[in-house]
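Below is one structure, written out as structure tokens; the observations come after it.
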Amino acid sequence: MITRRGFVGRAAAVATAAGLKLPVWAKAFPLPPGGLRASVAEARAERPLLLGVDYYPDQTPEKLWEEDARMIAEAGLTNVRVAEFAWGLMEPAEGKFDFAWLRRSVEILHKHGIAVILGTPSAAPPPWLSSKYPEILLVNKDGVTLAPGGRRFTCPTNRTYRRLSLGIATEMAKAFANTLGVIGWQIDNEYTLQPHARCYCKFCREGFADWLKAKYGSLEKLNEKWGTVFWSQTYTDWRQIPVPLPSNGEPNPGLALDYDRYQSYACASSAEEQLAMLRRECPKHFVTTNQVGAPLDTLNLREMYRNMDFVSSDNYPGFAQVFMPALASPEVMATMIGLGHDSMRSVKGGKPFLVMEEQAGKAGQSFFAPQPHPGQLRLWVFQAVAHGAMGVNYFRWDSARFGAEEYWFGMLNHDRSKSIGFEEMVRTVQELKSLGREALESGYVAETAVSFDHDSSWALAVQPGNSKLSYMAQLTAWYGSVAGANTGTDVIHLDEDLAHYKAVFAPVQYVVSEKQADNIQRYVQGGGTFVAGFRLGVKNESSQIVNAPLPGLLRDVMGVSVKDPVPVYTEKIAVRFLPQLAGPDAPCVLWADLLKPESATVMATYTGAYEGDAAITVNSFGKGKAVYVGADLDPQSLARVLRTVLAMSGSTSSIEAPRGVELTRRRAGEKEWIFVLNHTPTEQKINLAGKFSAVVGNGPSKETLTLRAYDLAVLQRG
Ligand code: GLA
Ligand code: ZN
């Protein structure tokens with residue numbers, strides 16, 4: 001028998017074993033008595049592929065629901081997600097519940113063969129709740145209490161908010177546990193979406209103290225781990241411990257890092273409360289929650305998804321155009337989207353994830369990005385699938401004529417005519433169906449991994465060393481360099497199993513635990529290539545500086561010590577490469593770790609003030625190699641260096657692709673699908689040695705695949 005949790009485990013197993021899968025929500029989606037119209041019979045025959053749309057019956061006159069359901073079905077979509085912002089309609093007054101409207105909507109959708117994912121509505125509590133219980137409001141990092149009226153304005157610790165969130169979710173679950181058509185749940189909405197990412201209220205302060213008590217056991221231990229003797233901060237009572245609000249001086253680094261961990265835990269444990277309830281009430285349904293797809297360091301998602309069935313993420317490339325125009329070239333955007341997908345897929349060890357919201361057109365709130373170019377809506381969906389998505393929901397069905405997101409365009413325009421991109425979306429859905437379940441649930445092939453370490457990011461944010469140094473910027477640059485080689489990249493934690501990667505990259509791994517150090521050592525010993533950036537192993541898990549020459553616990557494996565760590569501001573320092581890394585001298589931008597080789601050999605040196613000191617080294621250790629990139633390089637030089645090292649590790653793509661053309665592979669048993677995606681606005685030609693046939697798009701002719709602007713192909717060998 002397939003258990004709920006077993007399903008996703010199986011989905012991963014599907015990566016290596018072909019065969020029929022009958023996942024749990026098939027049970028929740030049986031054929032209704034009395035048969036079906038032929039057009040919907042097919043959709044109902046087994047559980048739907050998760051190809052859907054985010055739908056808002058709560059914002060739509062009821063007389064249009066039937067037409068909506070019919071059109072959604074005609075568009076070839078097989079599911080919707082509903083109700084994640086409808087708390088006020090479902091609980092119009094405390095303890096008074098009304099699900100009749102939602103039930104009518106679900107019934108209409110089901111009649112048209114559309115399955116339903118229900119959202120629990122905790123991301124936006126209604127006014128009666130915030131008026132009656134103003135203590136639920138989030139207090140931001142400046143100590144300002146947020147006002148209600150937006151969303152996510154709540155404290156993740158507050159018991160009243162959590163009790164009421166669980167209350168409405170429980171009533172929903174009881175109401176819909178056995179409703180035909182309902183297949184699963186999205187808990188809350190985008191815990192990661194937080195311009196005010198942390199709460200500093202008195203409840204969080206109490207929650208933090210409890211969490212610390214459980215973690216450290218005694219104040220003595222806490223005082224020692226944080227080094228509270230500095231500035232006379234020794235705590236003699238748990239209730240004295242503050243939260244890091246402004247205090248005319250930087251917070252204790254150990255306290256600050258633990259506070260980030262606590263806030264992440266508070267969100268995860270709040271989701272976990274709803275999850276436990278849904279497991280009890282709705283054993284037939286899957287449970288997930290959606291996150292902002294772009295990689296954000298607000299939460300440790302591994303903690304949040306530990307017991308959920310699969311990861312869901314939201315994909316809005318248009319935001320890059322609006323908010324990061326400098327980065328919005330199609331190629332760079334493609335890399336950033338890829339990083340989002342790779343980090344989401346990697347949260348549950350590579351299991352297929354769901355895009356819960358996918359840009360459907362012009363996108364934004366106060367400002368909006370223009371309509372994507374013809375082909376891009378299709379390209380971005382295929383990119384998600386290329387990176388391991390098992391399905392996609394477009395955001396949203398219609399375009400709201402009221403509320404904060406009037407300028408977020410759905411599949412229908414404001415006047416309910418079909419959007420400019422409508423037919424492209426319909427075609428995309430058809431193509432995904434033709435690709436089939438086996439491909440959509442296959443595994444993503446990754447030869448390399450990039451570390452994304454929250455502890456390092458959080459600790460570095462408190463003490464960047466150089467005011468311009470940003471963990472996320474370094475992560476993006478390193479990921480871009482590595483992923484551009486098209487050999488497949490996971491985004492991992494360094495205490496996970498590394499053995500199957502040819503190379504593992506760790507930009508600014510500022511905090512290194514003993515477990516991670518052992519793992520890295522074992523990996524290199526066994527033949528892996530470990531590549532680390534500057535500021536390696538500076539701190540332990542308490543955010544104290546290690547009591548050893550840097551890179552601390554990794555000194556042996558790296559075969560170097562850091563002679564001096566140098567933040568670079570106005571000084572002109574350059575890096576000169578030895579023949580192995582051949583290339584013109586590169587500027588050293590924000591940081592220079594001056595390296596002293598112990599057993600390592602030198603691959604690059606500094607020029608200028610630090611003439612002759614080593615900048616990049618490589619060490620043979622066991623059967624593998626460890627490379628230390630001590631200098632912060634410009635993007636081109638970084639890409640060249642990391643790709644050279646990647647090639648040294650034996651990881652090379654068998655297909656050469658022009659810049660802006662992305663290649664990924666998904667595999668199930670003997671079968672492999674190769675996704676070729678042209679992110680550029682011009683035609684591209686890709687040389688393919690050997691025989692390939694196209695499953696989607698045009699195939700190659702005479703060993704050359706020609707892709708028009710924003711076009712793609714999915715190929716199989718032979
Ligand atoms: C997010 C949210 C949605 C909606 C879209 C568009 O991803 O989950 O509710 O706000 O963005 O802004
Ligand atoms: Zn709080």
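Hydrogens, waters and symmetry mates play no part in the numbers below; they use all other heavy atoms, side chains included. Counting convention: from 1, in listed order, for ligands and their atoms alike. In this chain, numbering begins with 1 at the start of the sequence shown.
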Apex the Zn ion (ligand 2) - arms SG from C204 and SG from C201 - angle rounded to 10°: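 An angle of 120° at the metal.
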
Could you please compute the angle at the Zn ion (ligand 2) from SG of C199 to SG of C155, rounded to 10°?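 SG of C155, the Zn ion (ligand 2) and SG of C199 span an angle of about 120°.
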
Decide, yes or no, whether a salt bridge links [X] with [Y] under the criterion of side-chain N to carboxylate O below 4.0 Å.
| X | Y | answer |
| --- | --- | --- |
| R279 | D309 | yes |
| E272 | R306 | no |
| E423 | R427 | no |

- Examine ligand 1 and decide if any of its atoms is less than 4.0 Å from a heavy atom belonging to Q365. yes

Would you mind running through ligand 1 and noting each atom that sits below 4.0 Å from a heavy atom of [X]?
| X | value |
| --- | --- |
| E190 | 1 (C), 2 (C), 7 (O), 8 (O) |
| F85 | 9 (O) |
| W408 | 6 (C), 12 (O) |
| N189 | 2 (C), 8 (O), 9 (O) |

Are any of the N or O atoms of R151 closer than 3.5 Å to those of ligand 1? yes

Looking only at protein heavy atoms, identify the closest one to atom 3 (C) of ligand 1 and say how far it is in Å.
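Residue, atom and distance for the closest contact: E357 OE1, 3.3 Å.
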
among protein heavy atoms, the one nearest atom 12 (O) of ligand 1 is E405 OE2, 2.8 Å

Find out whether the Lys NZ or Arg CZ of [X] is both under 6.0 angstrom from the six-membered ring centre of [Y] and within 45° of the ring's axis.
| X | Y | result |
| --- | --- | --- |
| K362 | F368 | no |
| R205 | Y200 | no |
| R198 | Y259 | no |

* To do: Over 60° means perpendicular and under 30° means parallel, so classify the ring planes of Y265 and Y262, tilted if in between.
  => tilted

